[in-house]
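Keep in mind it's a predicted model, so treat the numbers as computed, not measured. Here is the naming used below: chain letters follow the sequence lines, and residue numbers restart at 1 for every chain. These values consider heavy atoms only, across backbone and side chains, with no hydrogens, waters or symmetry-generated copies.
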Amino acid sequence: MTEPLLSIRHLSKHFPVDTDLLGRTTSVLKAVDDLSLDIYPGETFGLVGESGCGKTTVGKMLVNLYRPTSGEILYGGRDLAKLTTSERRAYHREIQLIFQDPYSSLNPRMTVGDIVSEPIRVNRLLPPDKVDDRVSYLLNCVGLSANCKNRYAHEFSGGQRQRIGIARALAMEPKLIVCDEPVSALDVSIQAQVLNLLSDLSDQFGLTYLFIAHGLNVVKHVSDRVGVMYLGRLVEVAEKRELYRNPVHPYTKALLSAIPVTNPAHRRERILLEGTVASPIDPPPGCRFCSRCYAKPEGAGGCDSEMPELVEVSPGHFVSCHLFAAEEGDQEMRALHEEAR
Amino acid sequence: MAERRHDLAEEPAVKRGEPGVLLEVKGLSTDFVMNRGTVHAAIDVSFSVREGEVLAIVGESGSGKSVTSLSVMRLLQRPGRVIAGEVLFRGRDLLELPEKEMRAIRGDQMSMIFQEPMTSLNPVFTIENQLVESIRTHMKLDRKAAFERAVRMLGLVGIPSPEKRLKDYPHQMSGGMRQRVMTAMALSCRPQLLIADEPTTALDVTIQAQILSLIGHLREKIGMAVLLITHDLGVVAETADRVVVMYCGRVVEEAASEELFDRPLHPYTLGLLRSIPSMEDTEDDEALYMVPGMVPNPLNLPAGCAFEDRCERRGARCTSEVPELYEAKGRKVRCFLYDPAGVEGLCA
């Protein structure tokens with residue numbers, strides 16, 4: 001069994017949204033709540049969920065843009081919060097981020113050459129006379145010609161800008177790249193180009209990706225394993241094929257069924273969810289999906305009062321739902337679930 | 001769901017006669033004249049929408065789909081200008097109407113849902129203010145009746161406790177909620193034609209499914225036609241009756257929705273369909289098909305077919321001549337491969 005490259009243990013991020021007169025927090029937004037997952041070297045882990053489910057917050061905590069409220073991020077077995085300054089600097093070299101918006105994530109006053117070479121110069125990765133060659137090489141890797149170096153970001157289209165962002169991330173020779181919705185701002189035909197580029201680069205440089213997206217078809221295409229988030233909680237994790245073939249969480253099923261597809265033969269029976277996503281501010285106890293759930297048993301036995309644990313339903317397939325509670329005595333619930341199916 | 005059905009039942013059904021042509025766009029061309037040059041955003045665009053039909057216009061950014069819809073609504077902002085063509089709505093050319101008459105048609109007989117639910121509502125007025133105003137203007141109702149109608153419309157689009165939410169300002173609502181308010185506003189005067197410009201692009205998939213099913217229900221109920229502008233082919237496949245594909249300002253293909261997805265003719269349509277990551281249960285992880293290259297600069301369109309340098313099947317004529325929109329068997333396609341005079345022809 002290979003060791004995970006990155007382990008997240010009971011990670012939470014809570015934002016205070018309201019305070020009383022004395023400055024005590026009276027209301028919190030639980031962006032990420034008790035999230036645990038492992039990412040193994042060389043794999044692409046897809047994290048999906050709707051807007052506001054906390055997937056971007058997870059990515060930001062990994063690159064240390066946010067400090068976790070509680071929980072640990074273990075990289076190579078070491079807790080990120082306990083690293084010394086120099087160790088942290090090494091960590092930052094190995095974990096890079098690709099942003100969603102290729103328009104605002106590149107400095108309009110810098111040339112492409114400066115953008116890509118800046119991380120190399122700042123971290124003194126190469127002697128100054130070698131930097132230029134390295135930049136040309138990186139630009140070639142992402143499918144841009146080396147003479148783009150003297151041009152500015154606004155001269156490029158969305159897809160090309162995203163390539164520049166990828167070259168900048170590669171400049172640090174990272175091991176893990178957090179891709180935060182890297183293609184959702186791009187047109188379909190350009191999306192395909194960038195997705196293929198990412199998968200080629202992963203082969204070429206042995207990269208590991210945490211791929212954050214809301215499009216389940218994009219995630220399906222790139223990922224090895226997929227985790228589904230809902231309101232700050234991980235509700236289901238499984239190997240990709242297993243998840244798409246055999247989703248068990250009611251939310252995952254609804255999400256999969258909601259994707260419009262072009263081929264009628266691949267259409268799933270649509271499960272229309274009622275209502276809107278609940279607010280993550282001061283969420284009620286119990287399952288976060290409870291208010292929209294269509295599969296909860298009569299009387300909601302525990303769904304609205306107790307938070308379900310993440311349990312393994314088949315090897316490598318975890319789900320957090322009371323229908324699949326760990327105790328053996330829950331046969332009744334399972335029978336109900338089978339009926340609901 | 002039960003509650004929503006009930007609401008729908010209250011909306012009196014419209015008697016439907018023979019579906020006639022509701023909107024006909026003929027040879028519409030729109031230019032943007034700028035210092036750096038002229039962008040031909042829409043070039044000789046023609047299509048028609050029949051009563052009760054959903055026609056989708058698909059294309060990537062810069063293909064001219066939004067410009068076309070704005071031209072139809074006469075909401076185009078300078079430097080955009082319609083330079084040629086006709087927009088016939090029930091036989092009347094909208095482009096010739098005085099602004100006052102146009103304003104009476106807009107929101108009343110045809111209304112529009114915009115792409116950006118975040119910016120399309122006025123932030124300094126409550127939802128009630130905006131919704132009741134539009135209902136009173138167009139339906140000549142008194143304040144009380146308009147308020148009741150507003151409450152009912154919000155309920156219809158699935159907003160819980162509508163009386164309360166009417167007092168909200170737009171910033172107090174989520175994106176999905178605002179898009180529903182926009183939808184309620186657009187539908188409140190029972191338009192015959194709804195122009196929906198990327199109505200669900202800013203929304204999550206589960207909310208998107210709700211909005212699309214709502215538009216579908218209303219369409220059946222009040223017999224409204226929909227002109228759907230989108231880049232999402234999945235949405236098109238599930239909602240549209242007919243599809244117009246645009247590329248660089250021109251219509252490149254038009255077909256019934258099923259036929260288009262079953263057998264796309266234009267190489268661009270084919271490439272577009274093949275580059276969507278499929279939801280199919282495949283064993284192998286082969287690379288996605290990609291359309292090589294990128295969309296040409298709109299200031300400097302090539303002399304021939306705009307798709308020529310990205311096309312796998314280009315021939316000698318493609319660089320110099322713009323193909324016509326060839327027509328056969330109820331389908332239209334702008335590609336020399338289907339030139340009836342050529343080797344292959346559309347029937348080949």
Side-chain angles (χ1 to χ4, degrees), chain A residues 48-53 156-160 183-197 199-200 214-224 240-241 244-245 251 254-268 270-277 279 292 294, chain B residues 1 3-4 58-63 158-160 173-177 180 200 202-210 212-213 231-239 257-258 260-262 268 271-283 285 287-295 297 310:
Chain A
V48 288
E50 297 180 286
S51 47
C53 75
F156 294 90
S157 67
Q160 287 171 317
V183 297
S184 50
L186 305 176
D187 276 324
V188 183
S189 69
I190 306 301
Q191 246 182 36
Q193 293 177 358
V194 172
L195 289 176
N196 284 344
L197 173 69
S199 90
D200 290 346
H214 67 268
L216 276 159
N217 54 349
V218 172
V219 167
K220 175 177 181 294
H221 185 76
V222 297
S223 309
D224 299 307
K240 166 180 77 182
R241 209 156 284 136
Y244 283 79
R245 261 186 211 163
Y251 175 65
L255 199 59
L256 285 173
S257 80
I259 306 166
V261 291
T262 51
N263 187 339
H266 301 151
R267 216 161 279 175
R268 294 169 193 245
R270 178 143 306 164
I271 304 166
L272 274 185
L273 291 178
E274 290 297 298
T276 52
V277 186
S279 163
R292 294 171 91 192
Y294 51 89
Chain B
M1 202 70 209
E3 202 183 335
R4 194 177 303 164
V58 266
E60 299 182 289
S61 31
S63 62
I159 291 181
M173 300 186 136
S174 68
M177 285 289 183
R180 283 161 201 242
T200 57
L203 305 178
D204 288 321
V205 274
T206 55
I207 306 291
Q208 163 173 293
Q210 286 176 343
L212 290 178
S213 98
H231 70 276
D232 187 332
L233 288 159
V235 169
V236 172
E238 299 205 353
T239 50
S257 171
E258 278 165 32
L260 185 96
F261 289 102
D262 194 37
Y268 172 66
L272 213 51
L273 282 174
R274 283 175 64 195
S275 51
I276 307 171
S278 115
M279 286 301 290
E280 200 177 342
D281 195 358
T282 44
E283 286 298 331
D285 293 313
L288 270 182
Y289 175 80
M290 39 184 188
V291 183
M294 47 186 189
V295 181
N297 182 350
R310 304 176 76 186

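Contact of the B/Leu288 side chain with the A/Gln193 side chain is not registered, since no non-hydrogen atoms from C-beta on lie closer than 4.5 Å.
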Would you sort out whether A/Leu272 and B/Ser213 count as a side-chain contact (heavy atoms from CB on, under 4.5 Å), showing the intermediate values? CA-CA 9 Å; A/Leu272 274 185; B/Ser213 98; 3.4 Å; yes

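Between A/Ser189 atom OG and B/Ile276 atom CD1 the span is 11.0 Å, to the nearest 0.5 Å.
With a 4.5 angstrom heavy-atom cutoff, B/Leu260 does not touch chain A via any of its atoms. When heavy atoms are compared at a cutoff of 4.5 Å, B/Arg310 approaches chain A solely by way of its side chain, counted from C-beta outward. With a 4.5 Å cut-off on non-hydrogen atoms, A/Ser199 does not touch chain B at all. Only the backbone of B/Tyr289 comes within less than 4.5 Å of a heavy atom of chain A; no side-chain atom from C-beta onward does.
Among all heavy-atom pairs drawn from B/Pro277 and A/Leu195, the shortest one is CG-CD1, 4.2 Å. The two residues B/Asp232 and A/Pro260 have their closest heavy-atom pair at OD2-CG, 4.5 Å. Across all non-hydrogen atoms, the minimal contact from B/Glu238 to A/Ile259 is OE2-O, 4.0 Å. Taking each heavy atom of B/Glu60 and A/Val188 in turn, the nearest pair found is OE2-N, 3.6 Å.
No other option in A/Ala258, A/Gly158, A/Ala254 has as many heavy-atom pairs under 4.5 Å with chain B as A/Ala258.
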